[in-house]
Amino acid sequence: MRRFGLALREVGHGLRRNLTMTIAVILTVAVSLTLFGTGLMVRSQVDAMKDYWYDRVEVSVFLCGKASDPKVCPAGAVTPEQRTQIEASLNGLTGVVENVFYESQQDAYNRFKEQFKNSPILENVTPESMPESFRVKLANPEDFAKVAAAVGTSPGVEQVQDQRKLLEKFFKLLGGLQAIALGIALAMLLVTVLLVVNTMRVAAFSRRKETGIMKLVGASNAYIQLPFVLEAAVAAGVGGLLAVGAIAAEKAYLVDKVLEPSFRFTAFVGWDDTIKIMIVIFLTGIILASVAAFLTVRRYLKV
Amino acid sequence: MIQFEHVSKRYKAQSAPALDDISLEIAEGEFTFLVGPSGSGKSTFLRLLLREEKATSGEVIVNGKDIAKMRSWKVPAFRRGMGAVFQDFRLLPEKTVTQNVAFALEVIGAPKSAVGPAVADALELVGLTEMADRKPGQLSGGEQQRVALARAFVNKPPILIADEPTGNLDPATSLGIMRLLDRINRTGTTVIMATHDAAIVDQMRKRVIELVGGHIIRDEARGVYGYAG
């Protein structure tokens with residue numbers, strides 16, 4: 001394996017000889033992998049939120065109150081009999097409904113008060129203006145239509161609302177943002193590949209004398225090309241480590257210290273996913289750079 | 001040892017072929033001059049032999065094998081059987097004489113224990129033992145060409161190719177290089193040398209193949225540079 005040792009010495013030599021280019025490759029790899037990793041972090045974050053929220057979504061069956069639209073509730077507020085009837089219908093949907101929870105006007109008011117603690121809107125709200133409702137947890141969140149069919153037109157029901165629909169709009173927006181982030185990351189990865197290709201072209205050109213002599217005396221292709229590929233891999237590895245550090249900082253500071261204390265109502269991406277992302281970006285960097293370098297030098301250092 | 005069978009080489013951009021239906025044979029241990037004006041096809045001939053180029057048609061056969069059909073991964077091993085020197089020496093300026101010669105052995109993976117003695121032998125053959133630690137920039141042209149010869153021969157290849165090796169040297173120095181090539185030839189190495197140097201060709205009285213416009217116009221066993229008589 002002496003030949004391998006010799007090739008390794010060449011790597012260090014080659015990287016130092018072309019120091020500016022090496023630094024450019026390292027930094028570009030670091031930046032693009034950080035963006036790529038951040039894109040993946042956002043995706044994991046959205047997944048974590050989806051898990052968290054879809055686990056908690058309910059179907060709200062709002063009941064008629066004094067303030068309801070008379071067109072929907074011609075008989076005025078819901079009667080106790082109607083309420084019992086509705087609850088029985090909901091509980092009768094075995095296999096569809098997991099549990100039913102009744103929220104009175106006072107409960108709704110308290111929850112509202114808690115959510116809008118610091119908002120002036122609270123002054124205009126009284127318990128009487130809040131709707132009472134049944135909160136229905138579904139076994140399968142897709143089964144909204146079955147609930148709507150069962151109680152949607154029952155007397156005393158003002159509206160059947162699927163929270164999932166609201167969330168879907170929100171996640172659609174997040175999905176769009178996420179696609180943009182990944183798009184930028186992919187563009188940066190492309191830039192990285194092009195930079196590696198160009199760097200290797202310059203390196204192959206500046207060392208054409210050595211490689212020419214190597215070819216002449218019968219050095220194998222692998223022997224001639226390996227130092228270039230290893231150089232690209234080492235530079236990408238260093239850049240990758242920087243990116244891994246940046247992702248770790250994002251998780252440890254941005255997520256754990258800033259976001260998590262401020263937004264208590266959702267779950268955040270965990271260290272398990274973060275570590276997976278670190279491994280993915282590190283390997284992506286090394287593999288992309290090595291393959292780009294290999295294909296470039298194979299073209300420029302043909303036998 | 002080396003056979004050209006109806007070999008033609010046409011470069012894409014040009015209409016006239018660089019070599020046009022060349023057939024010849026060079027025996028093992030022979031010393032052959034390749035003469036002719038610039039553009040006559042001498043370099044193309046040598047490039048085909050080194051398999052830096054492939055013939056457009058015909059076969060270049062070395063040791064019984066058509067080298068155009070050789071797999072590309074076998075080319076490096078094939079080239080280890082050939083030494084080559086050029087007009088411009090092609091030495092690495094930042095390496096010493098010893099390192100330049102050793103480089104040829106290291107990159108083909110020769111065992112370390114064999115490199116030192118082989119390099120010392122090669123430097124002794126070319127008479128540069130004293131200069132072993134100098135760099136090419138500190139040597140004269142003739143000395144640099146000797147280093148190149150030592151590098152080409154350190155691996156003891158059966159074939160040595162020389163493309164205008166005296167092209168940059170004065171007559172006295174050229175003579176020294178020729179003596180060296182002659183000595184290498186006497187060890188049984190087949191030497192093929194392209195040259196413009198009439199004095200040397202006339203003096204050596206070896207086989208002369210003259211190319212003009214890609215054709216062989218003369219092939220004499222003990223020839224001179226111009227037409228004899």
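Computed over heavy atoms, backbone and side chain alike; hydrogens, waters and symmetry mates excluded. These numbers come from a predicted model, not from an experiment. Residue numbers start from 1 in every chain, and the chains themselves are labelled A, B, ... in the order their sequence lines are given, proteins ahead of strands.
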B/E52 and A/L216: CA distance, side-chain angles, deciding distance, side chain to side chain contact (heavy atoms under 4.5 Å, CB included) verdict: CA-CA 9 Å; B/E52 286 185 355; A/L216 195 66; 4.1 Å; yes
Separation of A/R207 CZ from B/L92 CG (nearest 0.5 Å): 12.0 Å
Main-chain N/O of B/P76 paired to A/K215 side chain as donor or acceptor, under 3.5 Å: no
Any A/V217 side-chain heavy atom under 4.5 Å of B/V154 side chain: no
B/R80 side-chain N/O to A/G218 backbone N/O, donor-acceptor pair under 3.5 Å: yes
Region of B/L105 in contact with chain A, defined by heavy-atom distances below 4.5 Å: neither
Greater than 12 external heavy atoms within 6.0 Å of B/W73's CH2: no
Under 4.5 Å from a heavy atom of chain A, the part of B/E94 involved: side chain
Greater than 12 external heavy atoms within 6.0 Å of A/Y253's OH: no
B/E124, CD atom: more than 12 neighbouring heavy atoms under 6.0 Å: no
Crowding at NZ, B/K65 (>12 non-hydrogen neighbours, <6.0 Å): no
Shortest non-hydrogen contact from A/E210 toward B/F103: O-CE2, 4.2 Å
Residue pair B/I108 / A/A219: nearest heavy atoms and the distance that separates them: CG2-N, 3.9 Å
Nearest heavy atoms of A/I213 and B/R151, plus distance in Å: CD1-NH1, 3.5 Å
